[in-house]
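Within every chain, numbering begins at 1; the chains are lettered A, B, ... in the order of the sequence lines, protein sequences first and strands thereafter. In this text, all values refer to a predicted model and were calculated from it rather than measured experimentally.
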Amino acid sequence: MSDAPTTTPVIEARGLDLVFETADGPVHALKDVDLTIRKGDFVSFIGPSGCGKTTFLRVIADLEHPTGGTVTVNGMTPEAARKARAYGYVFQAAGLYPWRTIGGNIRLPLEIMGYSRAEQAERVARVLELVELSGFAKKYPWQLSGGMQQRASIARALAFDADILLMDEPFGALDEIVRDRLNEELLRLWHRTEKTIGFVTHSIPEAVYLSTRIVVMSPRPGRITDVIESPLPRERPLDIRDTPEFIEVAHRVREGLREGHGREE
Amino acid sequence: MTRSILPVLTVVTVILAIWYAACIPVNAQWTRDQAARAGVELTLRDIVADTLGQQRPRLPAPHQVAQELWASTWVEETQGRRGIVNTGTLSNRSLIFHGWVTLSATLLGFAMGTAMGLVLAIGIVHNRAMDRSVMPWAIASQTIPILALAPMIIVVLNAVGITGLIPKAIIAAYLSFFPVVVGMVKGLRAPDAMQLDLLRTYNASGPETLLKLRLPASMPYLFASLKIGIAASLVGIIVAELPTGAVSGLGARLLAGSYFGQTLQIWSALFAAAIVAASLVGLVGLVQRITLRRMGMAT
Ligand SMILES: Nc1ncnc2c1ncn2[C@@H]1O[C@H](COP(=O)(O)OP(=O)(O)OP(=O)(O)O)[C@@H](O)[C@H]1O
Ligand SMILES: [Mg+2]
């Protein structure tokens, strides 16, 4: 868990607390969360449902406001970072606008951020190629499969120059085979773009395959129980999942999850 | 399209049959009275024939209404002394003239009502105070019978020198803004939290959110509202033309017809109004289909 002194922290959470006031009383979604994410990290968040993974990502994105502690993103408050358009956010559902074509959907952030028309077209073409959807620019979302829609929503988050990518279970609804493909693609993308990625998942193999660090969380109140540095190399073919190192890390994640649960019962 | 023709024809046939059947007992009294006065015996066949062809029937038969419609549109304009062929202007006895008077006011009122409805809906969605204060008033406004309100509006506006199209259009707007407000408030709120959060991550402004998300998402709601709104607008105009001494418009024709017991004139004006309403709603539907298809949302 040692912070490498050479790399700068991109996201830093200190003593983060978040309590939702609901009709049936307060819900402690995050409690005393400390975490540093460094530049170029691929950090996965894993934990049982309701442990605050989404909430943590949303706090980073300034979509939720902590009730205690501090977060900084690129050294700024999350609000300042959001206004500086520091990150792209991929939601659990693709959430493409049905009245826009795939190209139009990817153009949406570019229009809002005031890119020129020529640059919009150039960037749309580039990110579509990045997610292997070239040729689908003029199709409407309903003409694409769920996996393709999810790829389009990733392309949308890549279209502008944010060096942080926050992804909330982007592949949760997809089948295993499509998921494997998209995982490979995502890793390649991460290499090429050198972005810092925060990634929420329910799948242990997915977390281990993708991440440089795995954050294990436990619920009620949501907190971090373990942070695992991956010993795997950055270059990862799919069959790395059969190596002893991979299985070893996966085992540790499973133990961490079980422990978090055990403390609960 | 062709598959719906048979059911439609069936329904039309049944309606016509009921209509014809109803004409006989409704108009028979007058036929019998006439026969009694003249001292002649009538067979059933005579009674049926007479009830379907009276000059001033209580209930005109379908073919009589059709004839009257034809006579007061095409025939009046092409052959009438005051028709457009002879004078270059529409005859004030033709339903084309009166229909146009009503239609133009309807369109103006509809445009005003739609604009007002849109502005109110955008205000309600964006402003907390308006959200809580406007809707009760909008609902209250619709609970007042327009029949009671229309003459007052016309009289008050006449008193301040506003006459002609505008007072009628205001009454139409008064009726047609409401469905637009209700539909558009729902439509502008149709985007889910995730779609709104997405724009928040782009730091999009309020107007950008309105333009790029809320308005496009509300299109299906808008068109549903517009269809109700344009029909309501037509009703408003006809009501406005009824009691105010207006001399032109389908409402005025209705009133004049009932004043002089001209049932044929009443019914042909009614049908003219129905045709105008159907065309307007159909037109909105056409625009809807074209718009939604261009937005990739055609069903
Ligand atoms: N807007 C909200 N209002 C009230 N409670 C909330 C809200 N959002 C989340 N919560 C609660 O906070 C807790 C954490 O929710 P969160 O969505 O972060 O969980 P999660 O780890 O993402 O779960 P999942 O894996 O099912 O997506 C849950 O108990 C949830 O009910
Ligand atoms: Mg979640």
Do A:R156 and B:L198 pass the side-chain contact (heavy atoms from CB on, under 4.5 Å) test, and can you show the C-alpha distance, the side-chain angles, and the key distance before you say yes or no?
CA-CA 10 Å; A:R156 182 176 60 186; B:L198 181 71; 3.3 Å; yes
side-chain contact (heavy atoms from CB on, under 4.5 Å) between A:R100 and B:K212: does it pass, once the steps are laid out?
CA-CA 10 Å; A:R100 281 175 173 253; B:K212 299 206 182 284; 3.8 Å; yes
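- A:E194 CD: 12 or fewer foreign heavy atoms inside a 6.0 Å radius.
- At a 4.5 Å heavy-atom cutoff, A:A157 makes no contact with chain B through either its backbone or its side chain.
- Taking every heavy atom of both residues into account, A:Y140 and B:M295 meet most closely at CE2-O, 3.6 Å.
- Not a single donor-acceptor pair under 3.5 Å links the side chain of B:R200 to the backbone N or O of A:R82.
- Taking OG1 of B:T209 as the start and CD1 of A:I112 as the end, the distance is 7.0 Å to the nearest 0.5 Å.
- Interface residue B:Q195: backbone and side-chain heavy atoms are both found under 4.5 Å from chain A.
- A search for side-chain hydrogen bond (donor to acceptor under 3.5 Å, both in side chains) contacts involving A:T196 returns nothing, not counting sequence neighbours.
- To the nearest 0.5 Å, atoms CD (B:E208) and CG (A:L108) are separated by 9.5 Å.
- Considering only residues two or more places apart in sequence or on other chains, A:A137 meets the side chain to side chain contact (heavy atoms under 4.5 Å, CB included) condition with A:L128.
- Here CH2 of A:W99 is found 10.0 Å from CG of B:L215. Values are rounded to the nearest 0.5 Å.
- Using a 4.5 Å heavy-atom threshold, the side chains of B:N203 and A:M113 count as separate.
- At most 12 non-hydrogen atoms from other residues, nucleotides or ligands lie less than 6.0 angstrom from CD of A:E129.
- Atoms OH and OH, on B:Y202 and A:Y89 in that order, are 12.5 Å from each other to the nearest 0.5 Å.
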Step by step, would you call A:R85 with B:T201 a side-chain contact (heavy atoms from CB on, under 4.5 Å)?
CA-CA 7 Å; A:R85 286 139 178 176; B:T201 69; over 6 Å; no
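- Contact count against chain B (heavy-atom pairs under 4.5 Å) is highest for A:K83 among A:Q92, A:Q143, A:K83.
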